[in-house]
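First the proteins, then the strands, lettered A, B, ... as listed; each starts at 1. Just so you know, these numbers come straight off a predicted model, no measurement behind them.
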Protein chains: 2
Amino acid sequence: MKALIEYLNSINEISSQSESALLSICSELEVKKNTDLHPIGHVCRNLYFVKNGLLRIYYLKDHIDVTESFEFENSLVARADSLFHAKPSRKAIQAIEDSNLIAINGVSLFKLYDSHPDIERLFRKVFEIAYVESVNRIESIQFHSAKERYENLLEKSPKIIRRISLKFIASYLGITQVSLSRIRADIK
Amino acid sequence: MKALIEYLNSINEISSQSESALLSICSELEVKKNTDLHPIGHVCRNLYFVKNGLLRIYYLKDHIDVTESFEFENSLVARADSLFHAKPSRKAIQAIEDSNLIAINGVSLFKLYDSHPDIERLFRKVFEIAYVESVNRIESIQFHSAKERYENLLEKSPKIIRRISLKFIASYLGITQVSLSRIRADIK
DNA sequence: CTCATTATTTAACATTTGTAAAAGGAATTC
DNA sequence: GAATTCCTTTTACAAATGTTAAATAATGAG
């Protein structure tokens with residue numbers, strides 16, 4: 001659990017008492033490659049911290065698999081809407097590499113907010129960061145050609161290109177596999 | 001200020017003591033159509049509540065004006081990244097109708113978080129809502145054709161179509177004016 | 001009201017992206 | 001290590017979107 005604590009402390013320090021309260025609602029789990037940690041249609045009941053491995057969030061658009069995001073080591077993942085409002089999610093969280101995770105139970109966490117203001121503050125900041133990132137993501141796809149989006153990704157997240165298969169990257173960029181393959185050939 | 005308080009209370013109730021603390025850091029202002037409330041390159045120092053009127057956030061991409069979002073009556077607007085981290089924003093907030101606003105000073109608000117946990121909780125929820133909305137926005141533009149994006153907008157935000165000029169809507173959807181005009185002609 | 005300006009539509013053409021199918025590579029299983 | 005399956009590239013063609021320019025339409029200023 002050390003990696004999680006370090007990660008959280010880098011965002012907002014919490015008391016050691018809060019730290020143990022938080023750890024008491026965490027559990028470790030392992031997910032094998034290609035399995036859905038959180039399937040489509042289920043209520044998301046946990047936040048997940050990726051100790052190692054790699055996850056993605058995806059959904060189906062007219063039976064086509066669309067990747068919404070990738071989640072690497074040392075990041076927190078959640079289906080926010082589903083977690084906050086206990087409603088079924090149209091999106092799944094899937095491991096695309098064998099992964100070791102820490103699950104933080106949502107309901108328990110939200111209860112801790114009442115007794116531990118520093119935990120509430122910490123997660124306020126966690127989601128503020130996520131919000132800022134998602135606004136940046138909007139900009140990166142809003143008025144850009146497929147080629148621009150790919151070059152942007154190459155620059156900002158080269159590790160995505162290295163570790164993830166083309167079919168996932170393509171829908172993440174909002175284009176088809178064929179189109180991405182073409183762009184790649186073009187750039188070389 | 002009544003509208004603001006009602007709006008905030010609908011998200012999370014706060015004590016009357018917190019309410020007056022909050023009001024003490026607010027000020028009202030009026031912005032004329034076509035003027036930048038917050039220009040590009042400036043640090044965003046306030047959150048704004050739209051009492052009436054209409055705002056948009058925009059930025060320049062290769063000298064082309066791109067609308068990131070529209071903000072109607074009864075909503076809170078901020079350039080989050082700039083506000084949270086006191087850094088200059090590449091994006092501007094502009095009035096596209098004469099508007100009456102309430103400004104909430106950022107620095108003062110963040111100070112209130114320390115003394116008023118209910119205010120911190122309130123704004124935690126404000127930004128959680130904004131986060132969920134922005135994830136939904138990503139989905140609405142990620143793997144959809146221009147026509148799908150426009151039809152989606154027609155369905156979910158008909159008021160955008162009614163009150164806002166085509167040129168702003170086009171870049172908001174990530175397409176050119178000509179393309180949007182064509183789609184409109186097509187749908188009729 | 002008229003003129004000037006700005007916004008929207010239309011047209012013709014260029015470019016990008018999608019679709020479907022086939023071929024080649026890479027990885028996995030038995 | 002052969003066979004199978006999955007992934008990526010390529011090709012040919014279709015459809016969508018961008019670009020530029022011109023024609024209308026709507027709006028606003030004097």
field: B:Arg121 and A:Glu120 ion-paired at < 4.0 Å
entry: yes
query: Does NZ or CZ of B:Lys159 come closer than 6.0 Å to the centre of the six-membered ring of B:Phe72, within 45° of the ring's axis?
result: yes
- prompt: Taking for each residue the nucleotide of DNA chain D bearing the nearest heavy atom, is the 5' side occupied by B:Lys33 or by B:Ser145?
  reply: B:Ser145
- prompt: B:Val178 has a side chain; which of D:dG18, C:dT10, D:dT9 sits nearest to it?
  reply: C:dT10
message: Applying a 4.0 Å non-hydrogen cut-off, can you work out what A:Ile175 is touching in the nucleic acid: base, sugar-phosphate, or nothing?
response: sugar-phosphate
field: Axial cation check for A:Phe70 ring with A:Arg163, 6.0 Å and 45° limits
entry: no
- prompt: Which nucleotide in the set D:dT10, C:dT8, D:dT19 lies at the smallest distance from any side-chain heavy atom of B:Lys167?
  reply: C:dT8
Listed nucleotide nearest any side-chain atom of B:Arg182, set D:dT8, C:dT8, D:dT17: D:dT17
query: Does the side chain of B:His144 come under 3.5 Å of the side chain of B:Glu139 through a donor N or O and an acceptor N or O?
result: no
- prompt: Distance check: side-chain N/O of B:Ser179 vs OP1/OP2 of D:dT17, anything under 4.0 Å?
  reply: no
- prompt: Which of these nucleotides, C:dT17, D:dT20, D:dT8, is closest to any side-chain atom of A:Ala146?
  reply: C:dT17
query: Does D:dC7 have OP1 or OP2 sitting under 4.0 Å from an N or O in the side chain of A:Ser165?
result: no
message: Within 45 degrees of the ring normal and closer than 6.0 Å to the centroid, is that where the cationic atom of A:Arg79 sits relative to A:Tyr48?
response: no
query: Considering all heavy atoms of both residues, which atom of B:Ile25 and which atom of B:Ser108 are nearest to each other, and what is their separation?
result: CG2-CB, 3.5 Å
message: So for the helix from C:dC1-D:dG30 to C:dC30-D:dG1, with five pairs setting each end axis, what is the inter-axis angle to 10°?
response: 50°
statement: note: A:Glu151, atom CD; C:dT16, atom P; distance rounded to Å ~ 12 Å
